Amino acid sequence: MAYKLTEGCLESIMEGAELSSPVLQILAIKKIVSGNAKKDRYRVIVSDGLYSVSHAMLAAPNNEQVLQAGEHTIIKIKRYITSLFNNSDKEQRILLLLDVEIIAPGSQIASSLGKPTPLAEAKKNEPTNSNIYATKGNSSSNSFAKRSDDSSSSTLPHNGNNSVSLENQLIHPICSLSPYQNKWVIKARVSNKSAIRTWSNSKGEGKLFSMDLLDESGEIRCTGFKEMVDKYYDYIQVDKIYFISKCQIKGANKKFCSLKNDYEMTMTNETTVQEYQGEDKGIPSTQYNFMTIDKIGNMESDSLVDICAICKEASELQTFQAKSSGRELKKKEVVLVDQTKSSVILTLWGTDAENFDGTNNPVVVIKGARIREFGGGKNLSLGAGGLLKINPDIPESFRIRGWYDQEGCSGNIVDISAKSGSLSTVWMSFKGVKDQGLGNAEKGDYYQNVATVLLMSSNNLTYKACPTESCNKKIIDLENGMYRCEKCNREFPNFKYRLLARMNVADWSGNTWISMFSSEAETVMGMTAQEVGEQIESNSEAAADIVEKVNFKQFVFKCRAKMETYNDEARLKTISVEVKPINYKDFNNQIVNRIKQLMG
DNA sequence: CCCCCCCC
């Protein structure tokens, strides 16, 4: 098949014309080496069959597909801009390829089409008297033009140094920002804004926030320290567009930022930020570089990834103290699955964890999640600087929704996280527990099973515990209206009820006695410990009624089995550490897989 | 100038 290039189009393009979907061929691809972070900037030579242009660059989102397609690839240019570029006192116009579509990969073409001559030789560019990056034209497909009249800046934050409006100045693409050029204005969407964080170390202390900025050409992280937090934090809002100028640009530390930019920026006293209130077409929303879950297993720990997946399951919110800092932390674990039929555990923190609702298997899109290693498996942690979106309006999100609803829940899912993770506990029957001799691991062995309650003991179901929130120690009734906690070494006028339930549960293979504490027993009984305690207190017959109602209820019991010695006799003690209603899809899958195994 | 985040 013959491919046709848009002959001669480069001449008009390099003069600032806007052509619709010109077709070009890539003659060469070269990585730009700049500073110490060398990733993801590529210069290309493009040809229209008549002329070639060597001052062309790929915008980051296109890198991967173009690199893969290689030299001689034929591309359709869906969006582009040109910029004036000051190269050692000589002005040159560069062509920036914002969005390209591969028409034919290089391997199918294998040679240059036509006999292109370098445009620069064929024709002298006319330099303008501007020495900054800028573009001609002023259409919606090109947001780096002079602003159109429908925009106006909003009230500035409470300070006096923003007297010069940025809205009439030439706008620079984010991908053109570098430490060597400080006269610039960008027009960018804030796609993510961190919480305010404080730090205190040997070098001092302070507070900071950071945000991710985005335009058609790329993205960059911007951090504001101390006074900048007071000045701009509340003013800047996620998803809005701002004119921003005069930040300090420095090399990005890839260890902490997954954005596709070799640089990041820091706000200074010179920095100005003005909201743009015009139409925002042409400025994209968050850009992702999605990775499938099956690949995570082979990636290095600590690297950052973007994932689009389905939440298969989510844990309860857990609150605990960090051992290192003593700070209180909140987390929630989520199992993600994608089309590669692989699953991975993702840990969410803080408000992300608190607000996350895993019901109805939402699409979870994360940007900048860190890969961690545990017990031979990999998992993900979405820390500060990461971004979480639930059911976002992007094509990948709809695609995976369709996949999951059609076929996603059936068949084998390979879990790349460690089997000991709280959400990927092994399924085992009570017979299996016995046959495999579980319980000899130092911290016990975990398994989960679907089981039916046969009998629940009504003896000593409740006890009176210390009212302190974190202390569940049994208190001593001083019989004078006061209660003493030995652990807290304090006396209280009140107490709280706690549960210590014992029950015999059965599956197809046998039965076993298990114990559980308040939160699990509350799930089984459908009552709070307080309600149980009060009912039994007021009527000693109540306990029998309460435990009878539990008979024949079914749950998924997650258990910890541990061998203990009692009166010189070894016996297996089982505590249920989590009780959940049965998810029949998962349970049936698990049974079907077992049947397949048994059939060889 | 931050970039920390637990337990299996």
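Quick note on labels: first sequence line is chain A, next is B, and so on, each numbered from 1. Just so we're clear, the structure is a prediction, and the values are computed from it rather than from any experiment.
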Practice problem: Examine distances only and state if a side-chain atom of Lys193(A) and a backbone atom of Asp239(A) form a donor-acceptor pair shorter than 3.5 Å. | Solution: no
Practice problem: Answer yes or no: are there more than 12 heavy-atom neighbours, outside Glu316(A) itself, under 6.0 Å from its atom CD? | Solution: no
Self-check item: Sugar-phosphate or base contact per nucleotide [nucleotides 1-6 of chain B; S, B, -; heavy atom under 4.0 Å]
Solution: BBBBBB
Exercise. State whether Glu219(A) and Lys367(A) are salt-bridged, where the test is any N-O pair (Lys NZ or Arg NE/NH1/NH2 against Asp/Glu carboxylate O) under 4.0 Å.
Key: yes
Quiz item: Salt-bridged, Lys341(A) to Asp294(A), with N to O below 4.0 Å?
Solution: no
Quiz item: Between the side chains of Glu522(A) and Thr528(A), is a donor N or O closer than 3.5 angstrom to an acceptor N or O?
Solution: no
